Number of protein chains: 2
Amino acid sequence: MYTISEIADLLGVSPHTLRYYEKEKIVVPDRDANGNRVYRKEHFTWLRFVIQLKQTQMPIAKIRKYTELYLEGDHTTTARLALLEEHQRAIQEQLHTLTATEKMLSDKIESYKQYIARMKNKQLT
Amino acid sequence: MYTISEIADLLGVSPHTLRYYEKEKIVVPDRDANGNRVYRKEHFTWLRFVIQLKQTQMPIAKIRKYTELYLEGDHTTTARLALLEEHQRAIQEQLHTLTATEKMLSDKIESYKQYIARMKNKQLT
DNA sequence: ATTTGACTTCGAGTAAACTCTAACGAATAT
DNA sequence: ATATTCGTTAGAGTTTACTCGAAGTCAAAT
């Protein structure tokens, strides 16, 4: 049982963001007698999942789609599977690009270091 | 020597985007007698580099910063190196997150597949 | 001579994902 | 009893990176 700011702290997001996710119907918490939001373990788990998808560039709209399918029940498993596989492919492409760029950068960084070392030497002579 | 639409085609971006990059002082092409943009080999090379940084989530502002330093000349090599190293770290973090998420997803995908297979079996009985 | 097509500028418009503001209510602290 | 703290809402504002539209120029094709 968490308040909005507690769960925000736990997840490293702002309460504003959590209200936004609620408006987008991605995670709709319970309410207490005063109308305050109450997040439970399952909300926490779902939010953690959502944030992980977000960190890997899945757009909010697709996350909402997946959430809708999940809430619709068992007959949407095939659709959900397709969505996850699509995102898996997106991730694999990103891994590709990032790996290539990392190589390019470490080469460039190496050249820069050598250039700087050469300049330092010159100064000492 | 390329026109704006030629280089846009070569790089897979729109002429609009190239004009925007010029406004942001990331790549400023030459002009011909009619005032039309003329991109040369070096502009192409720089744009390809910029696009690769963009694909790995470097914000336009940082790309512009790097470009400025580059244009300022040799005495900015240390600053440029620092910038590249910072982005390299960002990439390594992304690789981490993506790898972890890819594992998470392939597990989830596996469960979904098994669940669907189980349902199919049931139907056959 | 005029139409076509590609270019130009400047400024406005768009989409995504927040992020903030203002005005209010309830519970706790002094 | 009052001040503070934390929550609420609806709606407006912000940032990033484009993306588009309108009005105009210029050279080549018909």
Side-chain angles (χ1 to χ4, degrees), chain A residues 1-40 43-44 46-68 83 86-87 90 94 97, chain B residues 1-40 43-44 46-68 87 90 94 97:
Chain A
M1 239 63 167
Y2 313 100
T3 67
I4 193 167
S5 56
E6 279 167 356
I7 203 156
D9 283 354
L10 284 172
L11 292 163
V13 300
S14 75
H16 284 306
T17 304
L18 293 175
R19 292 192 197 99
Y20 167 70
Y21 286 171
E22 180 173 351
K23 192 156 60 185
E24 292 295 318
K25 292 186 209 133
I26 285 172
V27 178
V28 179
D30 301 342
R31 297 297 176 121
D32 68 10
N34 292 317
N36 287 13
R37 289 172 179 80
V38 175
Y39 290 88
R40 290 190 291 99
H43 301 119
F44 173 78
W46 194 262
L47 276 168
R48 214 178 29 187
F49 175 58
V50 164
I51 288 166
Q52 194 166 9
L53 294 177
K54 272 241 60 222
Q55 280 172 341
T56 57
Q57 268 67 54
M58 190 189 272
I60 290 289
K62 254 182 197 161
I63 297 176
R64 181 180 42 232
K65 183 77 209 164
Y66 185 81
T67 305
E68 275 168 15
L83 239 161
E86 192 185 319
H87 188 54
Q94 285 185 69
T97 310
Chain B
M1 238 67 162
Y2 313 100
T3 67
I4 194 165
S5 55
E6 279 167 358
I7 202 155
D9 282 354
L10 284 173
L11 292 163
V13 301
S14 77
H16 284 304
T17 303
L18 292 176
R19 294 194 196 99
Y20 167 70
Y21 286 172
E22 180 172 352
K23 193 158 59 184
E24 292 295 318
K25 291 184 209 137
I26 283 172
V27 178
V28 179
D30 301 341
R31 296 295 176 123
D32 68 10
N34 292 318
N36 287 13
R37 290 173 178 79
V38 175
Y39 290 87
R40 291 192 288 100
H43 301 119
F44 173 78
W46 193 262
L47 276 168
R48 211 177 30 185
F49 175 57
V50 164
I51 288 165
Q52 195 166 8
L53 294 178
K54 271 241 61 221
Q55 280 172 342
T56 56
Q57 268 67 59
M58 190 188 273
I60 291 288
K62 257 185 195 158
I63 297 176
R64 180 180 44 231
K65 182 76 209 161
Y66 186 80
T67 306
E68 277 168 17
H87 188 53
Q94 285 185 70
T97 309

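Values in this document were obtained by computation on a predicted structure and should not be read as measured data. Here is how names work: the chains are called A, B, and so on, in the same order as the sequence lines, proteins then strands, and each is numbered from 1.
Atom CG of residue B:N36 and atom OG1 of residue B:T3 lie 8.5 Å apart, to the nearest 0.5 angstrom.
Here A:S5 lies in heavy-atom contact (under 4.0 Å) with sugar-phosphate atoms only. If you check every strand for non-hydrogen atoms under 4.0 Å, B:T3 touches sugar and phosphate atoms only. Within the 4.0 angstrom heavy-atom criterion, only backbone atoms of the sugar-phosphate kind lie near A:R37; the bases stay farther away. Nucleic acid contact for B:P15: none, since no nucleic acid atom lies under 4.0 Å from a heavy atom of the residue.
Comparing A:G35 and B:A61, the nucleotide of DNA chain D nearest to each residue sits closer to the 5' end for A:G35.
Between the side chain of A:Q94 and the backbone N or O of A:T56, at least one donor-acceptor pair lies under 3.5 Å.
For B:K54, the listed nucleotide lying nearest its side chain is D:dA17; candidates were C:dC18, D:dA17, D:dT9. Side-chain proximity of A:I60 to the nucleotides D:dG7, C:dA17, D:dC26 is greatest for C:dA17. Set against D:dG7, C:dC18, C:dT8, the side chain of B:I4 has C:dT8 as its closest nucleotide. The nucleotide whose nearest atom lies closest to any side-chain atom of A:R19 is, among D:dT9, C:dC18, D:dC18, D:dT9. Set against D:dT19, D:dG11, C:dT9, the side chain of B:Y20 has D:dT19 as its closest nucleotide. Checking D:dG7, C:dT19, D:dG21 against the side-chain heavy atoms of B:H16 singles out D:dG21 as nearest.
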Could you give me the CA-CA distance, side-chain angles and deciding distance for A:I63 and A:F49, then say whether side chain to side chain contact (heavy atoms under 4.5 Å, CB included) is met?
CA-CA 10 Å; A:I63 297 176; A:F49 175 58; over 6 Å; no
Quick one, A:D30 with A:R40, criterion side chain to side chain contact (heavy atoms under 4.5 Å, CB included). Give me CA distance, side-chain angles, the key distance, then yes/no.
CA-CA 8 Å; A:D30 301 342; A:R40 290 190 291 99; 2.8 Å; yes
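Regarding A:E22, its CD atom lies at a distance of 18 Å from the P atom of C:dA17, rounded to whole Å.
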